[in-house]
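Single-structure report; data block below.
Note on naming: letters A, B, ... go to the chains in the order of the sequence lines (proteins, then strands), and numbering restarts at 1 for each one. A quick note: this is a predicted structure, and the numbers were derived from the prediction, not measured. Computed over heavy atoms, backbone and side chain alike; hydrogens, waters and symmetry mates excluded.
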Amino acid sequence: MTATASPALVAFDDAIARFDPVLGLEVHVELNTASKMFCGCAAVFGAEPNTQTCPVCLGLPGALPVVNETAVESAIRIGLALNCEIATWCRFARKNYFYPDMPKNFQTSQYDEPIAFNGYTEIDVDGEVFRVEIERAHMEEDTGKSLHVGGATGRIHGASHSLVDYNRAGIPLIEVVTKPIEGAGKLAPVVARAYVAHLRVLLSGLGVSDVRMDQGSLRCDVNLSLRASADAPYGTRSETKNLNSLRSVERAVRYEVSRQAALLDSGERVVQETRHWHEDTGITTAGREKSDAEDYRYFPEPDLVPIAPDRAWVAQLQATLPEPLAERRTRLQTVWEFSDLEMRDVLGAGAMLLIEQTVAAGASPTAAKKWWLSELARRANDAGTTLEELSITPAQVAGVQALVDTGRVNDKLAREVLEGVLAGEGEPADVVSARGLEVVSDDGALTAAVDRAIAHNPEVAAKIRDGKAAAAGALIGAVMKELRGQADAARVRELIVEKLG
Amino acid sequence: MTDLARLSAADLAAALTAGETSSVEVTQAQLDRIHAVDGAVHAFLHVDDEGALAQAKAADERRTAGTDVSELLGVPIAVKDIATTKGLPTTAGSKILEGWIPPYDATLVARLRAAGLPILGKTNMDEFAMGSSTEHSAYGPSHNPWDLDRIPGGSGGGSSAAVAAFETPLAIGTDTGGSIRQPGAVTGTVGVKPTYGGVSRYGLVALASSLDQAGPVTRTVLDAALLHDVIGGHDPLDSTSIDRQWPSMAAAARAADITGLRVGVVKELGGEGYQAGVRRRFDESVQLLVEAGAEVVEVSCPHFELAFAAYYLILPSEASSNLAKFDAMRYGLRVAPAGVAAPSAEQVMAATRQAGFGDEVKRRIILGTFALSSGYYDAYYGSAQKVRTLIQRDFSAAFEKVDVLVSPTAPTTAFRLGEKVDDPIAMYLNDIATIPANLAGVPGMSLPSGLADENELPTGFQILAPALEDHRLYTVGSALEAMLVERWGGPLLDRAPALEVSG
Ligand SMILES: [Zn+2]
């Protein structure tokens with residue numbers, strides 16, 4: 001590709017003042033079914049490479065697909081939760097293109113007959129309801145995962161060779177595609193992020209996916225175009241692929257608005273192409289150009305029979321859907337006894353689901369909120385990541401709080417435990433024993449330390465004897481220092497008062 | 001002493017049941033025959049002496065133990081090289097799969113093993129079943145035992161030649177547009193394409209998924225029925241497999257009563273372009289059916305004339321996609337592009353496909369890729385699917401008037417090797433009478449109707465039945481076969497020239 005200098009970026013606010021952004025979001029969701037889309041192989045994340053494969057998902061000659069019924073059920077439930085119509089009859093189609101991580105060199109997907117179509121969902125953007133129209137939700141299979149070795153940062157450019165893990169090949173995917181989202185204006189980046197966050201909560205509530213963006217079980221492509229005004233025809237769009245965090249979604253939209261505005265300002269045209277997001281530099285770069293030459297030669301998959309979901313079954317799935325998100329929000333706020341302001345903070349931080357799961361694992365709502373919205377929010381912010389991408393689970397957060405509740409660690413030590421869990425040192429209890437963080441409540445050890453503190457600070461001891469109880473703080477500090485903070489402060493105070501009072 | 005290799009599967013089964021011979025003895029006799037004549041016939045791509053004899057021994061043990069005694073227990077069989085066989089090479093006649101040993105058995109192979117039929121080896125075929133002569137096999141053509149200078153039909157010419165040369169009593173074929181029936185016709189053997197979905201496709205290297213169907217290749221109609229009963233029936237691994245209880249084909253073959261049967265002669269199949277000797281033998285067979293009490297009428301299927309064009313859009317389209325998996329990444333041939341220091345995966349794929357596929361395969365991949373491309377899809381693939389519906393309607397209308405339809409199987413007797421290999425259209429026209437059944441998914445059979453007067457080569461008689469009514473083929477076929485054999489004074493293959501025995 002010839003390197004034509006790109007015009008300097010236009011500041012986001014300037015860009016948005018002169019152009020109207022139109023968004024389109026394509027979200028790929030890996031279902032958490034026990035087996036793959038078209039074979040009986042296990043669909044567990046993180047197994048040894050190429051241990052969950054068979055003739056079907058390896059695309060061996062002669063092998064044939066059989067549809068996973070649970071995946072169809074999940075697809076229908078997702079469609080219903082997004083207020084879609086469910087097809088009375090639909091087929092799979094082959095999407096033909098050559099790629100080394102795709103065993104058959106076609107992906108079994110759906111084309112013009114998706115299982116669910118024509119829906120909408122209402123998301124919360126800064127306390128306002130924003131309606132997103134859903135074009136379709138269709139079923140397909142995931143590809144294998146390529147690992148490029150020898151080049152920089154795992155990219156194919158400069159790599160000496162590539163390895164492919166076919167464990168992921170054939171994992172059921174649902175692709176949810178929005179209709180063009182208009183009218184977001186300067187909120188476009190926030191709308192994009194809020195939509196993906198909303199989908200995560202919705203899908204998690206359905207129990208159909210792990211929705212882990214960091215593990216790739218939820219992946220987002222963002223289409224963005226600019227036009228002169230809200231009544232102008234759509235501009236040419238770019239498609240930024242595989243955004244793997246909520247923050248990247250938001251940043252990528254901002255960046256594309258700035259980039260495209262700069263192109264349009266300087267009289268250049270926006271190229272219809274896929275673009276790659278670079279988390280480190282915060283920019284997108286050109287990938288494949290989407291020309292007319294790209295032709296997937298779709299045709300109905302002849303190895304599978306059409307799917308005609310029974311209407312009674314669909315009705316039954318509709319009847320057993322979990323409560324809609326808006327109702328769920330209201331209910332949780334009541335149960336948790338949070339004020340409107342507190343709940344706004346929770347939603348703003350995208351922490352409702354995490355708090356719900358932390359409470360389910362045994363923590364009180366207040367404690368769960370405290371951890372996620374303060375200590376963990378700070379760490380996520382420092383790391384430039386999001387709460388759900390932190391390597392700590394709600395159950396582990398609840399475990400840390402349990403240690404506090406039972407007096408095994410104090411607040412300060414609890415933060416150290418969190419740090420250990422985040423650093424991959426294991427479960428909270430493991431971190432406590434490995435780092436020796438348990439508070440010292442053994443009176444023998446505490447008494448000895450108190451005695452030494454009194455001996456080293458005779459003036460302070462004298463003040464306490466004289467009734468200046470406030471001076472005890474200095475002695476407590478000395479004891480804490482000696483025991484490296486691992487003392488039960490209340491018990492230390494008691495011991496000092498016993499000896500000097 | 002009886003020549004075991006010349007017995008039918010049913011007669012072998014009877015001899016085995018009576019304890020007059022053993023599976024090891026029978027299997028050894030077939031292997032001996034293969035080693036004696038296959039140098040000239042070249043029906044096999046791979047012969048598994050050791051494996052076949054071990055399976056024969058196991059079959060004999062099962063018979064002695066008296067457990068699991070299936071009707072064909074111990075009767076050996078050959079399998080077209082398109083079906084995966086665990087531990088045995090499977091090439092589909094292509095260089096691109098040379099050396100590939102599948103890790104799994106096709107469902108029909110698993111059923112053969114379960115029923116105790118020793119597998120003698122894998123038979124030759126046109127590459128990926130694309131052809132009507134085996135001349136497109138990457139491993140050289142098979143030869144017609146009636147005249148070694150002639151083609152044994154295709155794509156399953158290896159199976160038909162093996163059966164006609166008495167190398168095996170039974171073989172498996174696959175039929176996408178006639179690849180079981182046309183080889184049957186030109187070698188004087190019996191071939192059946194079951195109803196689409198009647199026999200599992202799991203483990204058959206796919207040519208055109210919506211057309212492919214596996215079936216029996218044998219010397220008698222009863223043998224085909226016995227084999228059909230073994231390999232047929234629902235398979236949960238094939239979504240297009242029909243889930244139902246099928247009647248016994250062997251029982252239908254043994255019944256063989258056609259009194260009052262309504263037979264329709266397809267007007268569009270058998271006129272111009274059909275060799276005189278082929279038509280004469282066909283007419284005689286129809287006359288025999290009349291004498292046996294059948295009512296014969298002429299039936300028109302006007303859209304059959306479009307079948308050929310539709311077929312050559314649907315088949316290449318599906319094939320272009322099915323054959324995309326042969327990319328050197330995980331199995332089979334891998335060719336590095338010449339003069340490229342560090343080739344990309346895409347370059348290796350291209351070089352491998354260039355070197356590994358033959359011309360006919362490339363021709364059809366290019367055709368199919370074009371027919372599916374955007375902007376052409378509706379005009380080509382879309383229209384072809386509409387023609388398919390029209391052909392299905394022709395069949396439905398015809399089967400309201402008659403119980404079975406009949407025609408010559410192939411327009412000519414076996415042509416000479418090399419005669420049509422450079423003329424694809426002439427080659428494709430061999431399947432003109434067999435293609436409609438694949439497009440509609442209905443079952444069809446070819447059985448020998450005699451020898452053409454002009455060249456003393458076999459001619460084939462095709463019977464077509466409605467979907468799911470495969471048993472009618474066997475009833476009609478065995479009735480006709482009995483009358484013909486009586487007229488000939490013995491099986492037609494007894495009149496084939498003796499093959500020179502080597503070794
Ligand atoms: Zn698998």
Residues of residues 45-61 of chain A with any heavy atom under 4.5 Å of a heavy atom in chain B: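 Listed by number, the contacting residues are Pro55(A), Val56(A), Leu58(A), Gly59(A), Leu60(A), Pro61(A).
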
Contact residues of residues 304-314 of chain A (partner chain B; heavy-atom separation under 4.5 angstrom):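 So far as heavy atoms go, Leu304(A), Val305(A) are the residues that approach chain B to under 4.5 Å.
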
Ser344(B), part contacting chain A, at a heavy-atom distance under 4.5 Å: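 Neither part.
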
Region of Pro102(B) that comes under 4.5 Å of a non-hydrogen atom in chain A: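 For Pro102(B), there is no contact with chain A at all, as no heavy atom is under 4.5 Å.
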
N/O donor-acceptor pair under 3.5 Å between Tyr104(B) side chain and Ala63(A) backbone: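 The answer is yes, because a donor-acceptor pair under 3.5 Å joins these two groups.
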
Any donor-acceptor N/O pair, Arg297(A) side chain to Ser374(B) backbone, under 3.5 Å: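 No, Arg297(A) side chain to Ser374(B) backbone: no donor-acceptor pair under 3.5 Å.
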
Pick from [options]: which one has the most heavy-atom pairs with chain A under 4.5 Å?
options: Ala342(B), Ser321(B), Ser210(B), Ser320(B); value: Ser321(B)
options: Tyr331(B), Tyr381(B), Tyr376(B); value: Tyr331(B)
options: Met329(B), Gln385(B), Glu318(B); value: Glu318(B)

[atom1]-[atom2] distance between [X] and [Y], expressed to the nearest 0.5 angstrom:
X: Ser373(B); Y: Tyr296(A); atom1: OG; atom2: OH; result: 15.0 Å
X: Phe98(A); Y: Glu346(B); atom1: CZ; atom2: CD; result: 10.0 Å
X: Asn322(B); Y: Arg94(A); atom1: CG; atom2: CZ; result: 4.5 Å
X: Met102(A); Y: Asp327(B); atom1: CE; atom2: CG; result: 9.5 Å

Atom group of Phe106(A) that falls short of 4.5 Å from chain B, counting heavy atoms: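 Side chain of Phe106(A) only, per the 4.5 Å heavy-atom cut-off to chain B.
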
Part of Tyr97(A) lying under 4.5 Å from any heavy atom of chain B: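 For Tyr97(A), there is no contact with chain B at all, as no heavy atom is under 4.5 Å.
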
Residues of residues 194-208 of chain B within contact distance of chain A, non-hydrogen under 4.5 Å: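 Within residues 194-208 of chain B, the residues under 4.5 Å from chain A are Tyr196(B), Arg201(B), Tyr202(B), Gly203(B), Leu204(B), Val205(B).
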
Contacts of residues 78-101 of chain B with chain A (heavy atom under 4.5 Å):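 Residues in range: Thr84(B), Leu97(B), Trp100(B).
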
Which of Val66(A), Leu64(A), Asn96(A), Val164(A) touches chain B most, by non-hydrogen pairs under 4.5 Å: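 Going by pairs under 4.5 Å, I would pick Leu64(A).
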
Intermediate values then yes/no, side chain to side chain donor-acceptor pair (under 3.5 Å), Asp303(A) and Ser209(B): CA-CA 6 Å; Asp303(A) 284 330; Ser209(B) 308; 3.2 Å; yes

